[in-house]
**Q** 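Pasting a structure below so you can have a look.
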Amino acid sequence: MRRFEDKVALITGGASGIGRAVAERLAGEGARVFTAQRSEDTAFEHVVADLADPESPERIVSEVAGRAGQLDILVNNAGLMRQARVEELALEDWNRTLQINLTAPFLMIRAALPHLRAARGSIVNIGSIEGIGSNPRQAAYCASKAGLHGLTRAVAVDHGAEGIRCNAVAPGWIDTELNNQFIEDTDDPAAFRRDIGKIHPVGRTGQPQEVAALVAFLAAEESGFITGQVYTVDGGRMARLSLP
């Protein structure tokens, strides 16, 4: 299937994890893919940038549009997690989390709107089930992802008449490098790996490619009547009550 032939896609944080899976999926279906992150990307055209810098989004979009001549798909995937309860959370960590997870997507969308308007394009934001519920010590992360879900709806409402769609995907536990490192830092990684699958009705954790499949659907023209939605990809975790 070549749903993205002659389309240009930009993915923040596209060099690893879910972002890498999305880049590979879109490219595999014909898109010209650019990634944007602090590191070089040996697999795709890219822009090296720190999304903590509020001037970076305008530069990223300008460079991609200048090189490709268009921008059809924007995937806001780059994210940051700082673990702390409210009373433990330094203001610096709160601000940086919101800057990367919420302000940067806002600025990316704002910079991309003229190009997406011309292309009647699509935005997909990578939110989280923690924008819907919360694990312990995730105050800043939860707030940022809930805000991103709200931003998704606002953009859909404000720009739908211009042909721009905006949706979000809210992954649960996905086997990424970041989550694997989190497991390794626990007191008993083997026990954690054994138990984490049990909280999911499907009996396992998710793969980045499973998130990428939904992102590709939401970016494609076949989902043209879908906008302003937040889709969970969590193996049924949020549907399961804690007790019988």
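Note that the structure is a prediction, hence the values are computed from the model and not measured.
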**Q** For a side-chain contact (heavy atoms from CB on, under 4.5 Å) check, start with the C-alpha distance between Arg67 and Phe34, then their side-chain angles and the critical distance, and finish with the verdict.
**A** CA-CA 10 Å; Arg67 289 161 62 182; Phe34 290 81; 3.7 Å; yes
**Q** Looking at Glu210 and Arg25, is any side-chain nitrogen of the basic one under 4.0 Å from a carboxylate oxygen of the acidic one?
**A**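 Between Glu210 and Arg25 there is no salt bridge, as every charged N stays at least 4.0 Å from the carboxylate O atoms.
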**Q** Considering non-hydrogen atoms only, spot the tightest contact between Leu26 and Ala9 and give its length.
**A**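 Heavy atoms only, the tightest pair is CD1-CB, 3.8 Å.
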**Q** Determine the minimum heavy-atom distance between Gly14 and Asp41, stating which atoms define it.
**A**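 What the structure gives for the nearest pair is O-OD2, 4.0 Å.
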**Q** Check this for me: does any side-chain nitrogen of one of Asp195 and Lys198 sit under 4.0 Å from a carboxylate oxygen of the other?
**A**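 A salt bridge is present here (some side-chain N lies under 4.0 Å from a carboxylate O).
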**Q** Taking Arg85 for the side chain and Arg137 for the main chain, is one N or O donor matched with an acceptor at less than 3.5 Å?
**A**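 Side chain of Arg85 to backbone of Arg137: no pair is present.
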**Q** Under 3.5 Å, which donor-acceptor pairs link side chains of residues 169-179 to any protein atom two or more places apart or in another chain?
**A**
from   : atom 1 : to     : atom 2 : distance (Å)
Asp175 : OD1    : Thr205 : OG1    : 3.0
Asp175 : OD2    : Thr205 : OG1    : 3.0
Asp175 : OD2    : Gln207 : NE2    : 2.9
Thr176 : OG1    : Asn179 : N      : 3.3
Glu177 : OE1    : Gly17  : N      : 3.2
Asn179 : ND2    : Ile174 : O      : 2.7

**Q** Can you tell me how far CG of Asn135 sits from SG of Cys142, rounded to the nearest 0.5 angstrom?
**A**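 Cys142 atom SG to Asn135 atom CG measures 7.0 Å (nearest 0.5 Å).
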**Q** For Pro54 and Leu107, which heavy atoms make the closest approach, and how far apart are they?
**A**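 Where Pro54 meets Leu107 most closely, the heavy atoms are O-CD1, 3.6 Å.
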**Q** Spell out, yes or no, whether Ile18 and Ile123 are grouped together once hydrophobic residues are joined by side-chain heavy atoms under 4.5 Å, including indirect joins.
**A**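 No, no single cluster joins them.
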**Q** Quick one: does Asn125's side chain have a donor or acceptor within less than 3.5 Å of a partner on Ala168's backbone?
**A**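 Judged by distance alone, no pair lies under 3.5 Å.
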**Q** Give me the one residue out of Arg120, Arg165, Lys7 that meets salt bridge (charged side-chain N to carboxylate O under 4.0 Å, His left out) with Glu221.
**A**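 Option passing the salt bridge (charged side-chain N to carboxylate O under 4.0 Å, His left out) with Glu221: Lys7.
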**Q** Is it true that Val230 and Tyr141 fall in one hydrophobic cluster, defined by side-chain heavy atoms closer than 4.5 Å?
**A**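 In one cluster: no.
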**Q** Using side-chain contact (heavy atoms from CB on, under 4.5 Å), reason through Glu184 and Arg193 one step at a time and then give a plain yes or no.
**A** CA-CA 9 Å; Glu184 290 303 316; Arg193 291 182 192 280; 2.6 Å; yes
**Q** Just verifying a value: how many Å separate Met81 CE and Thr97 OG1, rounded to the nearest 0.5 Å?
**A**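 Taking CE in Met81 and OG1 in Thr97, the distance rounds to 9.5 Å.
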**Q** Under 4.5 Å between side-chain heavy atoms, hopping through other hydrophobics if needed: is there a path connecting Leu80 to Phe106?
**A**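 Yes, Leu80 and Phe106 fall within the same hydrophobic cluster.
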**Q** Can you name the nearest heavy-atom pair linking Ala156 to Cys166, along with the distance?
**A**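 Distance-wise, the nearest heavy atoms are CB-O, 3.8 Å.
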**Q** Quick test of your reading of the model: are Arg117 and Glu162 salt-bridged, counting only N-O distances below 4.0 Å?
**A**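 Answer for the salt bridge query: yes.
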**Q** Check the side chains of Glu40 and His46 for a donor-acceptor pair under 3.5 angstrom, ignoring hydrogens and angles.
**A**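 Yes, a side-chain donor-acceptor pair sits under 3.5 Å.
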**Q** Given Val215 and Ile126, is the side-chain contact (heavy atoms from CB on, under 4.5 Å) satisfied, shown in steps?
**A** CA-CA 9 Å; Val215 173; Ile126 306 301; 3.8 Å; yes
**Q** What are the two closest heavy atoms between Arg38 and Val48, and how far apart are they?
**A**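 Residues Arg38 and Val48, closest heavy atoms: O-CG1, 3.3 Å.
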**Q** Output yes when a side-chain donor or acceptor of Glu222 lies under 3.5 Å from a complementary backbone atom of Phe217, and no otherwise.
**A**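 Absent.
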**Q** Any side-chain donor paired with an acceptor under 3.5 Å for Gln181 and Asp185?
**A**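 There is such a pair (donor and acceptor under 3.5 Å, judged by atom type) between the side chains of Gln181 and Asp185.
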**Q** Can you tell me how far apart CZ (Arg110) and CD (Glu58) are? Round to the nearest 0.5 Å.
**A**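 Taking CZ in Arg110 and CD in Glu58, the distance rounds to 8.0 Å.
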**Q** Applying the 4.5 Å side-chain criterion to the ILVMFWY set and letting contacts propagate, would Ile100 and Trp94 be lumped into a single cluster?
**A**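 No, because Ile100 and Trp94 fall into different hydrophobic clusters, even though each may have its own neighbours under 4.5 Å.
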**Q** In Å and rounded to the nearest 0.5 Å, what is the CZ to OG distance from Arg96 to Ser144?
**A**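 Spacing of CZ (Arg96) from OG (Ser144) equals 13.0 Å.
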**Q** Would you give the length of the straight line joining atom CD1 of Ile109 to atom OG1 of Thr152, rounded to the nearest 0.5 angstrom?
**A**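 Ile109 atom CD1 to Thr152 atom OG1 measures 6.5 Å (nearest 0.5 Å).
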**Q** Is there a donor-acceptor contact under 3.5 Å from the side chain of Gln229 to the main chain of Thr227?
**A**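 Flag set: sc Gln229 to bb Thr227 pair under 3.5 Å.
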**Q** Report yes or no: do Ile226 and Val155 belong to one cluster of Ile/Leu/Val/Met/Phe/Trp/Tyr joined by side chain heavy-atom distances under 4.5 Å?
**A**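 No, because Ile226 and Val155 fall into different hydrophobic clusters, even though each may have its own neighbours under 4.5 Å.
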**Q** Can a donor-acceptor pair be found, under 3.5 Å and without considering hydrogens, that links the side chain of Glu45 to the backbone of Arg32?
**A**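 Pair absent, no side-chain N/O of Glu45 close to backbone of Arg32.
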**Q** Show the nearest heavy-atom pair for residues Asn101 and Gly79, with the distance to one decimal.
**A**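 Nearest heavy atoms, Asn101 then Gly79: OD1-CA, 3.2 Å.
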**Q** Does the Asn167 side chain pair with the main chain of Val124, one donor and one acceptor, at a distance under 3.5 Å?
**A**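 Not confirmed, Asn167 side chain does not pair with Val124 backbone.
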